Amino acid sequence: MHVVAAISQSALAHNLNVVRTQAPQAKILCMVKANAYGHHIDLIKPLFQGDFVAVSELSEARILRQHTALPIVLLSGIFNDTELNEALALKCHLVLHHLSQLSIICHSTQAIKVWLKVDTGMHRLGLSLSELSRCLAQINHCPNIHIECIMSHFACADEPEHANNLTQLNAFNQINTTGINRSMANSAAILGLPQAHFDYVRPGIMLYGVSPFATINKKLQPVMQLSAPIMSVKSIHKGDSVGYGAGWTAKQTTRIATIGIGYADGYPRHAKNGTPVLINNQLCTLAGRVSMDLICVDIGDLKVSVGDRAILWGHDKLPIETIAAHSDTIGYELLTGVSSRVSFIAHA
Ligand SMILES: *Cc1c(COP(=O)(O)O)cnc(C)c1O
């Protein structure tokens, strides 16, 4: 009796193929940071059919290296010699997003592949265009450094009509990058801004079958299905309330199924009354507050027995986007928030 996150291998392969179909000319850098967006690095083998993989930090690269021989792009880059040496031992490509990183790699004599990250308007990480020029000039004097790619990141790609997208794209196109690969597209730009595909695309959320937009994308297949056991079924009367704070009150006689999942498993505590839960192929609704280990669901007269399993997200009838909308968050946060108490299993 526990929560299970079932990870579909065929859905991963399918979604990677959607990327290939959308951007047939580009090489694919699969984003597997944050333990593969919460899907567990050891359960996402089909993604290692891409060309590169990327993680945020060295601790993730260390684990990832046990599962693939692909080049690993280290998005944070390195901040001192110790990190540099470990990153190179792990055969990482290094993102260089700040000039302070340049002197560290220039002083090294080892062969280093870098991805230069340029700030085209998001103002989070990245070199300004003038810093990029200085960087390129200095790297000319560092024969150990090979520039693999110049990259930038969109702030608003999930709104394809947003004016910032073209402003950023124009800034990126101004850079003289003759002979150097370019990369700009995350999932939203892969799907919505074909003029931003360039040489390498960087899909994240879409690989896991979740739309980067506010709407659901039928081409993608959800990879994670989260399910939990029904622990109790009881009848209640009109006027009876359910859960902490008596946060929901029955308008009529009904039945309540109590399910063994809560915010300690990663089910969002902010899910509102009425959030759908799929039980025996029927959508039911959350009744009352999410507890640490339990939720309660109004099942009316649906045939439900103790031991049946409820699906919380990751089904055609119940996409994670719907749960995100009911909890004022995004699929990314829900996926990366599934906790270590949950059993992860890979299946075909
Ligand atoms: C995480 C990340 C991506 C992927 O973004 P999605 O919206 O998940 O597709 C792309 N590029 C960079 C630099 C990232 O950090």
Side-chain angles (χ1 to χ4, degrees), residues 11-12 15-20 22-23 26-39 41 44 47 50-58 60-61 64 71-77 92-98 101 114-127 148-160 162 164-165 168-169 172 181-194 196-217 219-220 222-224 320-321 324 329-337:
L12 286 166
N15 297 333
L16 181 59
N17 242 347
V18 173
V19 177
R20 282 205 187 94
Q22 290 288 317
K27 290 197 170 174
I28 302 176
L29 169 55
C30 289
M31 309 307 283
V32 300
K33 62 198 184 200
N35 209 7
Y37 286 48
H39 291 68
I41 273 301
I44 51 137
L47 298 187
D51 301 288
F52 303 88
V53 281
V55 291
S56 291
E57 41 168 85
L58 213 41
E60 300 178 296
L64 180 56
I72 298 173
V73 178
L74 186 60
L75 295 166
S76 62
C92 290
H93 292 200
L94 307 179
V95 171
L96 189 152
H97 56 79
H98 196 270
Q101 299 175 310
V114 294
W115 294 52
L116 299 178
K117 185 161 187 171
V118 190
D119 180 7
T120 51
M122 188 174 183
H123 301 128
R124 190 178 61 173
L125 291 180
L127 306 167
E148 180 69 30
C149 186
I150 294 188
M151 65 189 284
S152 190
H153 195 54
F154 283 113
C156 306
D158 58 331
E159 301 168 61
H162 200 292
N164 285 19
N165 294 324
Q168 285 195 254
L169 200 51
F172 196 61
N181 292 311
R182 290 184 288 176
S183 173
M184 203 158 178
N186 57 2
S187 299
I190 290 167
L191 295 167
L193 293 164
H197 286 174
F198 297 107
D199 304 294
Y200 299 158
V201 292
R202 308 194 305 266
I205 197 77
M206 70 183 288
L207 294 172
Y208 307 98
V210 178
S211 167
F213 304 116
T215 52
I216 288 151
N217 186 325
K219 276 191 227 152
L220 302 171
V223 173
M224 180 196 293
I320 196 169
E321 290 90 333
T329 184
I330 51 177
Y332 299 75
E333 190 185 34
L334 295 179
L335 289 172
T336 55

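It should be emphasised that the depicted structure is a prediction, and the values quoted were computed from it without experimental measurement. Remember, it's 1-based here, ligands and their atoms both numbered in the order they're listed.
Of the candidates Glu148, Lys27, Arg202, Ser183 forms a side-chain hydrogen bond (donor to acceptor under 3.5 Å, both in side chains) with just one, namely Arg202.
The closest donor-acceptor contact from the side chain of Asn17 to the backbone of Arg20 lies at 3.5 Å or more, if one exists at all. Judged by distance alone, the side chain of Glu60 and the main-chain N or O of Ala34 form a donor-acceptor pair under 3.5 Å.
Residues passing the ring-ring contact (aromatic ring centres under 6.0 Å, His included) test with His39 are Tyr208, sequence neighbours excluded. Partners of Tyr200 under the ring-ring contact (aromatic ring centres under 6.0 Å, His included) rule, at least two apart in sequence or in another chain, are Phe52, Trp115. Shown here are the side chain to side chain contact (heavy atoms under 4.5 Å, CB included) partners of Asn186, two or more places apart in sequence or in another chain: His153, Ala157, Ala188, Ala189.
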Give a table of atom pairs where an N or O of ligand 1 lies under 3.5 Å from a protein N or O.
unit_1   : atom_1 : unit_2 : atom_2 : d
ligand 1 : 7 (O)  : Tyr332 : OH     : 2.7
ligand 1 : 8 (O)  : Tyr37  : OH     : 2.6
ligand 1 : 8 (O)  : Ile205 : N      : 2.8
ligand 1 : 9 (O)  : Ser187 : N      : 2.8
ligand 1 : 9 (O)  : Ser187 : OG     : 2.5
ligand 1 : 9 (O)  : Gly204 : N      : 3.0
ligand 1 : 11 (N) : His153 : ND1    : 3.4
ligand 1 : 11 (N) : Arg202 : NE     : 2.9
ligand 1 : 11 (N) : Arg202 : NH2    : 3.3
ligand 1 : 15 (O) : Lys33  : NZ     : 2.6

